[in-house]
There are 2 protein chains.
Amino acid sequence: MASSLERRTGISLWRQIADQILHSIAVGDFAENAALPPEVALAERYGVNRHTVRSAIAALVQDGVLRAEQGRGTFVLSRKRLSYPIGARTRFSEGLQGQASERRSVLLESAVEPASRRVAEGLGLAKGSSVIRLETRGEADGQPVSRATGWFDAARFTGIDAAMAETGSVTASLERFGIGDYLRQSTVLSARHADAADLADLDLQPGAIVLVTVAVNVTPDGQPIQFAETRFPAERVELKLSPL
Amino acid sequence: MASSLERRTGISLWRQIADQILHSIAVGDFAENAALPPEVALAERYGVNRHTVRSAIAALVQDGVLRAEQGRGTFVLSRKRLSYPIGARTRFSEGLQGQASERRSVLLESAVEPASRRVAEGLGLAKGSSVIRLETRGEADGQPVSRATGWFDAARFTGIDAAMAETGSVTASLERFGIGDYLRQSTVLSARHADAADLADLDLQPGAIVLVTVAVNVTPDGQPIQFAETRFPAERVELKLSPL
DNA sequence: TATAATTGTCTACATCATTATACAAATTTG
DNA sequence: CAAATTTGTATAATGATGTAGACAATTATA
C-alpha cells in the first residue's frame with residue numbers, strides 16, 4: 001500500500017510523491033473533486049515530514065491538478081486526457097472531433113535545410129538534399145496537445161510552408177500539390193522527459209513526460225511525402241491505435 | 001545544441017544530464033564503444049561544474065551504460081533500445097527475434113478475482129464476474145523489458161495460470177484451450193513515471209519512464225479473450241507500430 | 001459557541017546537491 | 001622521456017532539499 005520512496009536518486013522526495021499522487025488520480029484512487037487525505041496522513045503514509053508532502057502538493061497546485069483550501073482540505077480537479085487516434089489515416093483535426101470543441105494547428109516556424117541522414121532515409125532522398133522543415137503546434141480548446149516537426153522534399157513541395165501558414169492544415173496544404181489522400185507507412189513510439197524547448201512550446205512543468213512518435217506518410221502508391229516527429233504531453237494525451 | 005537544464009524542479013542536474021546522455025546514445029549522437037567528450041567539455045556544454053557531470057557519469061557507469069578509464073576517457077557500452085512491434089498479431093517472443101538471443105516470459109503471480117469495471121468492459125463480461133489475473137515479466141538477454149497484467153474469463157480459461165507457468169507463453173497456453181489464432185482488437189497508449197512496483201519489477205531507477213499499453217485480444221471472430229495492461233521501460237524499449 | 005480538524009507560515013538545523021580549486025594518477029602523444 | 005590530456009580524489013563554501021516543532025488562520029462539527 002505505502003508505495004516506498006527512494007533517496008539519493010537525483011529525484012527529490014517531493015517530486016516522487018507528486019508523481020505518485022498523479023498516478024493515484026489517474027488510476028482512480030482519488031476521484032475527481034474528492035478530497036485528498038490530510039497532509040499529516042500523507043506524511044505518515046509516505047514516511048516523510050509534513051513539509052515534504054506540502055512541497056509535492058504545492059507543485060500539483062501550480063500545475064492545476066489540485067486545489068488547496070485552508071481549513072477544508074485539498075481537492076482533485078478535473079484531469080481527463082484527450083485520446084488521440086493513430087492509424088493508417090491519421091489526421092490531426094479529425095482525430096479529436098467530439099473531444100474538444102476548438103482545435104487548430106499553428107505554424108511556428110519554417111525553413112529550408114539539407115536533409116540529415118535520418119530525414120533523408122525516411123523520405124527516400126539522398127543525404128543533404130534540400131528539404132522544407134515545418135514546426136507546428138496542435139491546440140485543443142486553447143491548450144497545446146502536440147508539437148510536430150515535419151520534413152518535405154523541397155523540390156516537390158515548394159511553397160508548402162506558405163500553404164501551411166494560410167490553411168493551418170497539412171491535409172489541405174497537400175491537396176494543393178495534388179495529393180488527395182495519404183497513408184501512414186510506419187510509426188515508432190517512445191517516451192522521454194520533456195526538454196526545455198518542449199516545456200516552452202507545450203506549456204509544461206519541468207519533469208513532464210512527452211510521448212514521441214516518428215512517422216512516415218506516403219501516397220497510396222507508396223511514395224514518401226512527409227517525415228515527422230511529434231511530441232505529445234503524456235499528462236494531457238493518450239494515443240489510441242486504430243486497427244486499420 | 002546545448003540542451004539546457006532546469007533548476008529547482010525536484011530533479012537534480014546530474015540526473016537530467018544522465019538522462020540527456022542516455023538520450024544522445026539512443027539517438028546515435030554517441031556511437032557504441034565511442035568515447036564521450038571529456039568531462040570538462042561536457043561541463044562546459046551543460047553549463048555546470050565538472051563534478052556535476054561526474055555524478056551523472058558515475059550513475060551511468062553504475063547502470064552499465066558507460067565505462068570510465070583513468071587517463072583514457074569514458075566509453076559507451078552497448079545500449080541499443082529494443083524495438084517492440086505492435087500490430088494485429090502482437091506476440092512477445094516472436095517480436096524480438098533477431099534483437100535478443102535469449103527471451104522469455106516469467107509468471108510472477110496469478111489469482112482469481114472479481115472483474116473490475118474496466119476489465120469487465122474490456123472482456124465483455126458482467127462487472128464482478130470471476131476472472132483470472134496473470135502477472136508476467138518479459139525478459140530479453142536477462143534484462144526485464146516488459147511487465148504485463150493480463151485478465152482472462154475464469155469460466156472459460158480455468159487452469160490457464162498453470163499452463164502459463166508451465167509453458168511461459170500466452171500463445172502456447174491459449175492453444176490448450178483451442179485458440180490457435182488471436183488478434184489485437186484495440187490498443188491505447190500512454191506514458192507515466194514508473195511507480196514503486198514498476199521500479200522493483202523492471203529493475204529501474206526512480207524517475208524512470210514507462211510506456212503503458214492497454215489492449216484487448218480477440219479471437220478471429222471477434223470474441224474477447226484477454227484484457228491486458230503492459231508496462232515497458234522507455235529507456236530500453238521503443239514500440240514499432242506495424243501497419244496491419 | 002467552543003472544539004477539533006485542516007491548511008498556512010515561521011524558525012532552526014541537518015543532509016544532499018552544486019560550485020570552486022587544487023592536485024594526484026594513468027594514459028596518450030610528440 | 002617530457003608534455004599534454006584525461007579521469008580520480010580531496011577540501012571548502014554555498015544553495016536546495018528534508019526534518020522538527022510551534023503556532024496562526026480558516027473551516028467544519030458537536
Side-chain angles (χ1 to χ4, degrees), chain A residues 2-21 30 33-77 193 205-207, chain B residues 2-21 30 33-77 193 205-207:
Chain A
S3 339
S4 59
L5 305 176
E6 310 252 348
R7 289 162 193 260
R8 259 176 264 197
T9 60
I11 316 261
S12 62
L13 295 181
W14 65 262
R15 178 148 286 282
Q16 293 184 53
I17 293 170
D19 285 344
Q20 294 201 13
I21 291 176
F30 304 136
N33 280 325
L36 238 60
E39 296 170 350
V40 188
L42 286 174
E44 191 175 359
R45 171 183 305 185
Y46 289 116
V48 299
N49 190 274
R50 178 179 156 228
H51 293 299
T52 307
V53 168
R54 281 181 62 75
S55 296
I57 290 177
L60 295 175
V61 168
Q62 183 67 29
D63 286 3
V65 178
L66 299 176
R67 182 185 69 248
E69 294 181 28
Q70 185 169 166
R72 295 195 63 214
T74 304
F75 302 88
V76 178
L77 298 176
H193 282 117
Q205 298 296 320
Chain B
S3 343
S4 57
L5 306 175
E6 309 261 340
R7 290 163 192 261
R8 262 177 264 203
T9 62
I11 306 198
S12 62
L13 295 179
W14 64 263
R15 177 147 288 278
Q16 292 183 54
I17 293 171
D19 285 346
Q20 294 201 13
I21 292 176
F30 303 136
N33 278 326
L36 237 59
E39 294 170 351
V40 188
L42 287 174
E44 192 174 358
R45 171 183 305 186
Y46 289 116
V48 301
N49 189 272
R50 179 180 155 228
H51 290 300
T52 307
V53 168
R54 281 181 60 76
S55 297
I57 290 177
L60 295 175
V61 167
Q62 186 65 30
D63 287 2
V65 178
L66 300 176
R67 182 186 68 250
E69 295 181 28
Q70 185 168 167
R72 295 196 62 215
T74 304
F75 302 89
V76 178
L77 299 176
H193 282 116
Q205 299 295 321

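What you see is a predicted model; the values in this text were computed from it and never measured.
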Pairwise N/O distances under 3.5 Å, protein to nucleotides 14-17 of chain C:
{"unit_1": "dC16(C)", "atom_1": "OP1", "unit_2": "R8(A)", "atom_2": "NH2", "d": "3.2"}

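Taking the side chain to side chain donor-acceptor pair (under 3.5 Å) definition, one finds that R54(A) meets it with E39(A), sequence neighbours left out. Residues satisfying the side chain to side chain donor-acceptor pair (under 3.5 Å) criterion with T52(A), sequence neighbours excluded, are absent altogether. Not counting sequence neighbours, the partners of P38(B) by the side-chain contact (heavy atoms from CB on, under 4.5 Å) test are A41(B). In this structure E69(A) satisfies the salt bridge (charged side-chain N to carboxylate O under 4.0 Å, His left out) test together with R67(A), R72(A), sequence neighbours excluded. By the side-chain contact (heavy atoms from CB on, under 4.5 Å) test, A59(B) pairs with W14(B), sequence neighbours left out. Residues that satisfy the side chain to side chain donor-acceptor pair (under 3.5 Å) test with T74(A), not counting sequence neighbours, are absent from this structure. For Q70(A), the side chain to side chain donor-acceptor pair (under 3.5 Å) test picks out no residue, with sequence neighbours left out.
For N49(B) (side chain) and H51(B) (main-chain N/O), a donor-acceptor pair under 3.5 Å exists by modelled atom type.
One interatomic measurement links the two molecules: CD of E6(B) to P of dG15(D), which rounds to 21 Å at whole-angstrom precision. For E44(B) and dT6(D), the CD to P distance is 13 Å, given to the nearest whole Å. Rounded to an integer number of Å, the gap from F75(B) CZ to dT6(D) P is 11 Å. For the pair N49(A) CG and dA22(D) P, the interatomic distance rounds to 13 Å; values are reported in whole Å.
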At under 4.0 Å between heavy atoms, which parts of nucleotides 5-13 of chain C does protein reach? Answer with one letter per nucleotide, 5' to 3': B base, S sugar-phosphate only, - none.
-> -BBBBB---
